[in-house]
Amino acid sequence: MAVNAVVATVQALTGTVIARDAEGNSRVLAVGDPVYAGEEVIPLRGASVELEGMDGVAVSLGEGQQALMGEALAESGRADNPEIPTAEEVIAALDRGESLDELIAPPAAGLEGGESEGGGFVRVARISEPMEPINYTFPVNAFDRPDALGETVAVPGGEGIETGIPPGTSPTDPSVDQPPVEPPPVDPLPVDPPPVAYPTLAVSVSVTAGYGYEDANDAAAGDVVFDVSHVLNLDGLDPSLAGAIAYSIVGGDTAYLVLAQDGSGNWVVVLTEAGAAAIRAGLVDGNQLNVTIEGTVVLSGMDDLVDTGSGVAPVPEPSGEEPPDLVPDLMASAHTVGGSDVQGTMANANNLKETGSKSAAVSHQDGFFAIDHQGASDDPNAIEFGEALLFTLVSPTDTAVFQVQGAINGGSYHLYDAEGVRIGDARDLASDVDENGFLELGGETFAFIAFQGGSTGPGASGDESAFAVKPVDLSVQVGQGEDAEFYPAGGEEAFSFGANFLTVDSDQDIFVVSQGGEGSMEDPARFVIQGFSLESNDPGAQITLGELLSSASQETIDQYLMAEAQGEDTVLHISSGGMLGSDAGGADYAITLEGISMDGFDSSYDFIQTLIDNGHLSIDQ
């Protein structure tokens, strides 16, 4: 038998069909593949195959069927060797009980004998032809199966190979419906699962470097107590899938501590005013500040990452010593005086001190001081004709600023030295107060200053004065002993005075507040803008804070900027480090919008949003 002789080709198949040679080597067949002589064709479970022999005869095999392919399929047996009997002739001879030797020419004797080479193959394509079972066996081949020597393959016991075609029906008879061949289940190709990411978040809270108090009385609002940080490991995820971290205080001394950002944009925890007061008073539980911070990162398409961190910071026990008494810059006293500003009580400060009217008292409203005289026509919040307000300085000074509001109408002021002697004559208040209502003193050292009411005509014949005076950045004590009241400079009632007075004098004024000009939390840099407007159709002035708020975000803007009503004015408190407390503590800038009231606004947020919407405030970074 020729080696590698092609006996058939694969025309169609379903499922998996293999060809196995005599040495046991197997290969999987595909459409168009050749089948070689000596190979056994085996359809696996649920498979079927159609072969076409080299003589054009078709062979069909299904599950449970297999065939050993003979070399004779590579030739056209009847055409090239007419001495070879057909399958019909073999079957007829067997039916008649004749010997097959009579159908096959005997071999010739010797090398030259005989004209016929005898039978040499079985046409496997005929195995599906119907026949009666016969008890005819063939020698087994290398596969322990009957060898194919004729038209029919028989197995011991006379059982034909099951072909699935009814007896008496040609395998190619179109009138017979072929049984449907169910395709075998196809196992999907293994697909590597996508890699699984396990992102993590770790929040850390630590006591800030440099924190600590030698004395509990040193504690102040805005002091940085804790540093807050986090480590985010996305485990290979795209960083753009993660949002910004959001912090919140979820435990500990929540009334004493608040989140803020320092000048570099780092998150910190600072003392509130209540926290500073608690330290000074020894009210912190266990003399330790505790805080628990929760951090949250939102991941697109995944659960949020949440983690917490905690910190503990010691505070000193109060020493038991009372804090030093508040020392005022000025002490105010009220007096009634005669009409002359040259003689009598106004001639010497000591006269005023000695002759204070028992029917007059110092009044105070929104930071302005005046005389509350018990007369029937008295205005309790004004210095009127016949009234004088004396300020006694704790120590002599050569500079001071006062704001005057109301009708001056002949009012005057007087300076006195440390002995109470008046320095020069009475001074006309209206002449020395600038257009913004401020009286700025300098160049003369004085220890007392008195503000006297007057009139535009002799005596009280003209329009009488009705003004009030406010010391700027000077604390004031009214009264003595247990009845004394103290009005600290920069307190809630105080007007925010600054050395920088800005006036809107055109429609193109832009006031830029930038880093480097800030004051401190104890003494903010102060500005007063006059002529400002809220109207959208009035271009007015614009305040630009972009550089100053470079570390702010929409979520943290209230830690940098807050509006507060102060009488008929509004103050913008700004913290360049993002440490603004709810009471405006922590601000290092204060901008007063003179004459701009917050009446009609629900909150600081509404007021600031109106400024932005109307083009008067820019916080773009």
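- To the nearest 0.5 Å, atom CE of residue Met302 and atom OH of residue Tyr198 are 9.5 Å apart.
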For residues 204-212, dump all side-chain donor-acceptor pairs below 3.5 Å to protein atoms at least two apart in sequence or in another chain.
from, atom 1, to, atom 2, distance (Å)
Thr208, OG1, Asp227, OD1, 3.1
Thr208, OG1, Asp227, OD2, 3.2
Tyr211, OH, Pro314, O, 2.8

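- Of the possible polar contacts, none joining the Asp606 side chain to the Phe601 backbone as a donor-acceptor pair under 3.5 Å is found.
- The closest donor-acceptor contact from the side chain of Ser310 to the backbone of Thr292 lies at 3.5 Å or more, if one exists at all.
- Remark: the backbone N or O of Ile42 is not paired with any side-chain donor or acceptor of Gln66 at under 3.5 angstrom.
- Atom CG of Leu234 and atom OG of Ser240 lie 9.5 Å apart (nearest 0.5 Å).
- Residues satisfying the side chain to side chain contact (heavy atoms under 4.5 Å, CB included) test with Asn25, not counting sequence neighbours, are Asp21, Glu23.
- Judged by distance alone, the side chain of Asn614 and the main-chain N or O of Leu611 form no donor-acceptor pair under 3.5 Å.
- To the nearest 0.5 Å, atom OG1 of residue Thr272 and atom CG of residue Asp253 are 9.5 Å apart.
- Of the candidates Ile245, Ile249, Val250, Tyr247 forms a side-chain contact (heavy atoms from CB on, under 4.5 Å) with just one, namely Ile245.
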- Task: Output, in order, the C-alpha distance, side-chain angles, deciding distance and verdict of side-chain contact (heavy atoms from CB on, under 4.5 Å) for Gln542 and Ser618.
- Result: CA-CA 7 Å; Gln542 181 188 94; Ser618 172; 4.1 Å; yes

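- One finds the CG atom of Asp223 at 11.0 Å from the CG atom of Leu257 (value rounded to the nearest 0.5 Å).
- With a 6.0 Å radius and a threshold of 12 heavy atoms from other residues, nucleotides or ligands, Asp235 has its CG atom above the threshold.
- For Thr9, the side chain to side chain contact (heavy atoms under 4.5 Å, CB included) test picks out Gln11, Glu52, with sequence neighbours left out.
- No donor-acceptor pair under 3.5 Å is formed between the side chain of Thr16 and the backbone N or O of Val28.
- In this structure, the ring of Phe532 has its center less than 6.0 angstrom from the ring center of His616.
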- Task: Walk me through it: do Arg20 and Glu40 pass the test salt bridge (charged side-chain N to carboxylate O under 4.0 Å, His left out)?
- Result: CA-CA 5 Å; Arg20 183 169 59 193; Glu40 188 177 20; 3.3 Å; yes

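- Side-chain atoms of Glu50 and Ser48 form no donor-acceptor pair, as typed in the model, at a separation below 3.5 Å.
- Exactly one of Val10, Val59, Leu68, Val17 qualifies for a side-chain contact (heavy atoms from CB on, under 4.5 Å) with Val41. That residue is Val17.
- Looking at Asn290, its side chain does come within 3.5 Å of a backbone N or O of Gln288 through a donor-acceptor pair.
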